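Fair warning: this is a prediction, and the values are worked out from it, not measured in the lab.
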Amino acid sequence: MNHPDTNQSAPDALPSDFFTRPTLTVARELIGKQFIFHDESRWQALEINEVEAYDGMNDKACHAHVGRTKRSEVMFLPGGIWYVYLCYGIHWLANLVTGPEDYPAAVLIRGAGRFDGPGKLTKAVGMTGKINRSPVSPDSGFYVADAPAVPKSHIQRTPRIGIDYAGPVWAKKPYRFVLSRPKKNRIKSP
DNA sequence: GGGAGGATGGAT
DNA sequence: TCCATCCTCCCA
């Protein structure tokens, strides 16, 4: 028995074999899962509501499309670790490495909880490049916990954001997944 | 050793 | 639409 404030246990983490599956499958299933981080001596949860898949060396928007570099080599590792890099010199972006070893792929977390935007999310939870290559587990302070599956009808697929440089074919791939629950019927005021 | 460009976000 | 700001990559 854990007191919620003083001796709170960490929610169960998704196992690493959740992440070693194909990137698009992982991206789709991450919608609705809980992004867990440690803050002020307790574990906090945010519902993941927007992600993007970056899938292998053929994907011109994927950082690994040019092969192994100092930045991209983390994507060649087995799924289940963090890939955190600095974007535009200002924003840290949080990615979950996916797929088997030697297949470079990752899922960018673009939104969770009330935080809208990949740079804002990392800033809000205090995530930086120090987390790069760390396991997606309570040990690193940042991980993902299970949650009931979101029905397909509540997930919107669109092209990815900010990757026009990847050319029309890859820029148009519907690799972005957004949670879009139907609006509840509002109770009208009398 | 230098220069260009980028998976953003906030102000204009 | 502009631009802050800096790491990585590529080309000398």
Side-chain angles (χ1 to χ4, degrees), chain A residues 18-35 37 39 46-100 102-136 140 142-144 155-180:
Chain A
F18 176 91
F19 299 100
T20 53
R21 298 176 301 156
T23 307
L24 288 168
T25 303
V26 176
R28 152 73 179 77
E29 293 188 15
L30 278 170
I31 294 296
K33 296 285 189 280
Q34 303 276 40
F35 173 73
F37 66 104
D39 182 45
L46 298 172
E47 181 182 56
I48 296 172
N49 55 41
E50 183 181 349
V51 300
E52 285 178 359
Y54 289 86
D55 188 20
M57 297 188 64
N58 291 333
D59 180 355
K60 286 199 165 58
C62 180
H63 287 161
H65 83 277
V66 293
R68 291 177 192 258
T69 66
K70 190 175 179 184
R71 180 172 71 166
S72 72
E73 65 181 351
V74 62
M75 300 179 80
F76 288 80
L77 296 173
I81 60 176
W82 290 106
Y83 167 38
V84 184
Y85 75 96
L86 191 62
C87 183
Y88 295 113
I90 303 172
H91 307 288
W92 293 104
L93 268 56
N95 299 253
L96 296 149
V97 174
T98 56
D102 292 330
Y103 187 91
V107 175
L108 168 66
I109 304 178
R110 293 190 61 90
R114 69 184 188 280
F115 301 110
D116 185 16
K120 285 193 203 170
L121 175 65
T122 54
K123 184 176 182 184
V125 302
M127 200 173 192
T128 70
K130 286 184 298 188
I131 301 301
N132 195 37
R133 288 172 172 269
S134 297
V136 182
S140 67
F142 301 93
Y143 66 102
V144 182
I155 297 177
Q156 192 180 353
R157 287 188 70 167
T158 80
R160 294 169 291 185
I161 304 297
I163 56 152
D164 287 347
Y165 64 86
V169 172
W170 289 97
K172 286 178 183 168
K173 296 271 187 187
Y175 284 4
R176 175 172 173 252
F177 298 82
V178 184
L179 179 63
S180 56

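- Two residues are said to be in side-chain contact when any heavy atoms from C-beta on lie closer than 4.5 Å; A:R157 and A:R176 fail this criterion.
- Following rounding to the nearest Å, A:N132 (CG) and C:dT8 (P) show an atom-to-atom distance of 10 Å.
- Atom C1' of nucleotide B:dG10 and atom CD1 of A:I90 are separated by 10 Å, given to the nearest angstrom.
- Between A:E50 atom CD and B:dG9 atom C1' the separation is 14 Å, expressed in whole Å.
- The side-chain heavy atoms of A:L30 and A:F35, taken from C-beta on, include no pair separated by under 4.5 Å.
- The side-chain ring of A:Y88 is not stacked on the base of C:dA4, judged by centre separation under 5.5 angstrom and plane angle under 30 degrees.
- Between B:dA7 and A:Y165, a contact under 4.0 Å exists linking OP1 or OP2 to a side-chain N or O.
- Comparing B:dA7, C:dT8, B:dT8 against the side chain of A:H63 picks out B:dA7 as the nearest.
- Taking 4.0 angstrom as the limit, A:K70 places none of its side-chain polar atoms (N or O) nearer than this to OP1 or OP2 of C:dC7.
- Taking atom OH on A:Y85 and atom C1' on C:dT5, their separation rounds to 15 Å, with Å as the unit.
- Backbone-only contact: A:I163 has heavy atoms under 4.0 Å from sugar-phosphate atoms and none from a base.
- Atom C1' of nucleotide C:dT5 and atom CH2 of A:W92 are separated by 12 Å, given to the nearest angstrom.
- Rounding to whole angstrom units, NZ of residue A:K120 and P of B:dA11 are separated by 10 Å.
- Using bins of under 30°, 30° to 60° and over 60° for the plane-to-plane angle, the ring pair A:F37/A:F142 lands in the parallel bin.
- Counting to the nearest Å, the P atom of B:dA7 and the NE2 atom of A:H65 are 10 Å from each other.
- Between A:T69 and C:dC9 there is a side-chain N or O to OP1 or OP2 distance below 4.0 Å.
- When heavy atoms are screened at a 4.0 angstrom cut-off, A:R160 is found touching no nucleic acid atom at all.
- Of all nucleotides listed (C:dC7, B:dG9, C:dC9), B:dG9 comes nearest to the side chain of A:H91.
- Here the straight-line distance linking atom CD1 of A:I31 with atom CD of A:E50 works out to 7.5 Å at 0.5 Å rounding.
- Remark: C1' of B:dG5 and CG of A:L86 are 13 Å apart, rounded to the nearest angstrom.
- Side-chain atoms of A:V66 lie closest to C:dC10 of the nucleotides C:dC10, B:dA7, B:dT8.
- In this structure, OG1 on A:T98 lies 10.5 Å from CD1 on A:I81, to the nearest 0.5 angstrom.
- Residue A:C62 holds its SG atom at 11.5 Å from CG of A:L108, rounded to the nearest 0.5 Å.
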Could you walk me through whether A:E73 and A:R133 satisfy the salt bridge (charged side-chain N to carboxylate O under 4.0 Å, His left out) test, starting with their C-alpha distance in whole Å, then the side-chain angles of each, then the deciding distance to 0.1 Å, before giving a yes or no? CA-CA 10 Å; A:E73 65 181 351; A:R133 288 172 172 269; 2.8 Å; yes

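- Taking a pair as Watson-Crick or G-U with both hydrogen-bonding distances under 3.5 Å, the stems of three or more pairs touching DNA chain C are B:1-6 with C:6-11, B:8-11 with C:1-4.
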